[in-house]
Amino acid sequence: MEAPMATVLKRDTRRDTNISLDKPIYTISVASEILETHPRTLMMYEHLGLVVPKRTSTNRRRFSQRDVMKLQTIQKLTRHHSVNLAGVRYILKLLKLLHEHQRPSAVEQRDIDVSQLDV
């Protein structure tokens, strides 16, 4: 006779480390530290509507990973391409349209990825 097989259940102790790009996790001070900029700069971008962080129940700003990626793109355009903020808004919209219609962007903007940004 065969002995009954014992069923061994292994518990998966790994945690899901994938965080949604839209989860609001960074405070303004942490986001400004990541971006190496002043918190006032982020407030100005918010005031201009370039980025819209979520708010907690106590009205504190929380930036998502997607927000930080967008802010990095804004910095790249302003710092490396010498574009003003009105131009940034326009370029981001154009690059997003080109991406949605699967058209190549200009050679100068190939270093800017808008595929995961909310524009």
Side-chain angles (χ1 to χ4, degrees):
M1 278 196 161
E2 286 184 34
M5 290 179 43
T7 305
V8 178
L9 296 176
K10 284 189 176 181
R11 291 179 56 168
D12 191 5
T13 56
R14 292 177 294 149
R15 287 196 168 174
D16 187 13
T17 57
N18 294 335
I19 297 175
S20 167
L21 288 178
D22 296 315
K23 185 173 182 169
I25 54 176
Y26 302 114
T27 62
I28 192 166
S29 60
V30 172
S32 66
E33 191 173 319
I34 290 169
L35 297 163
E36 298 177 353
T37 191
H38 198 278
R40 276 279 176 210
T41 305
L42 301 183
M43 290 179 194
M44 180 182 65
Y45 292 164
E46 179 185 9
H47 178 73
L48 294 172
L50 290 171
V51 67
V52 183
K54 306 290 187 284
R55 297 285 184 145
T56 65
S57 59
T58 56
N59 207 28
R60 295 183 185 266
R61 292 172 183 83
R62 291 288 188 268
F63 293 87
S64 67
Q65 185 63 39
R66 191 179 311 270
D67 293 331
V68 171
M69 290 166 50
K70 186 174 185 180
L71 289 163
Q72 288 171 330
T73 303
I74 292 168
Q75 283 183 329
K76 190 179 292 185
L77 285 168
T78 57
R79 293 178 182 176
H80 302 284
H81 296 284
S82 303
V83 178
N84 65 21
L85 293 177
V88 166
R89 184 187 320 264
Y90 187 72
I91 289 170
L92 288 177
K93 286 180 183 177
L94 286 177
L95 290 175
K96 189 69 171 182
L97 281 172
L98 288 172
H99 175 74
E100 288 172 357
H101 290 90
Q102 299 175 350
R103 308 296 286 184
S105 58
V107 175
E108 296 83 13
Q109 273 77 40
R110 294 242 167 96
D111 61 333
I112 298 171
D113 182 19
V114 295
S115 62
Q116 298 183 359
L117 302 183
D118 288 332
V119 179

Decide yes or no for [X] and [Y]: does some side-chain heavy atom of the first lie under 4.5 Å from some side-chain heavy atom of the second?
X	Y	answer
Arg62	Thr56	yes
Ile74	Leu85	yes
Thr78	Val88	yes

[X] side chain vs [Y] backbone, donor-acceptor pair below 3.5 Å:
X	Y	result
His101	Leu97	yes
Gln75	Leu35	yes
Lys96	Leu117	yes
His38	Arg40	yes

Exercise. Which atom names give the shortest non-hydrogen contact between Lys70 and Leu92, and what distance separates them?
Worked result: CE-CD1, 4.2 Å
Exercise. Looking only at heavy atoms, what is the nearest atom pair of Arg89 and Leu48, with distance?
Worked result: NH2-O, 2.8 Å
Exercise. side-chain contact (heavy atoms from CB on, under 4.5 Å) between Thr37 and Arg79: does it pass, once the steps are laid out?
Worked result: CA-CA 12 Å; Thr37 191; Arg79 293 178 182 176; 4.1 Å; yes
Exercise. Crowded around Glu33 CD? As in, over 12 foreign heavy atoms under 6.0 Å?
Worked result: no
Problem set entry | Heavy atoms from other residues, nucleotides or ligands near CZ of Arg55 exceed 12 (cutoff 6.0 Å) | yes
Problem set entry | Verdict with reasoning, Glu46 to Val52, per side-chain contact (heavy atoms from CB on, under 4.5 Å) | CA-CA 6 Å; Glu46 179 185 9; Val52 183; 5.7 Å; no
For this session: For the pair Phe63 and Leu42, evaluate side-chain contact (heavy atoms from CB on, under 4.5 Å) and give the outcome as yes or no after the intermediate values.
Result: CA-CA 10 Å; Phe63 293 87; Leu42 301 183; 4.3 Å; yes
For this session: Give, for atom CG of Asp67 and atom CG of Leu50, the distance between the pair rounded to the nearest 0.5 Å.
Result: 11.5 Å
Problem set entry | Rounded distance [0.5 Å steps], OG in Ser32 versus CE in Met43 | 9.0 Å
Exercise. When clusters are formed by joining ILVMFWY residues with side-chain heavy atoms under 4.5 Å apart, either directly or through shared neighbours, do Tyr90 and Val83 land in the same one?
Worked result: no
For this session: Please check if Val51 and Leu94 belong to a single hydrophobic cluster, counting links between Ile, Leu, Val, Met, Phe, Trp and Tyr side chain heavy atoms closer than 4.5 Å.
Result: no
For this session: Start with the C-alpha distance between Gln65 and Lys23, add both sets of side-chain angles, then the distance that settles side-chain contact (heavy atoms from CB on, under 4.5 Å), and finish with yes or no.
Result: CA-CA 7 Å; Gln65 185 63 39; Lys23 185 173 182 169; over 6 Å; no
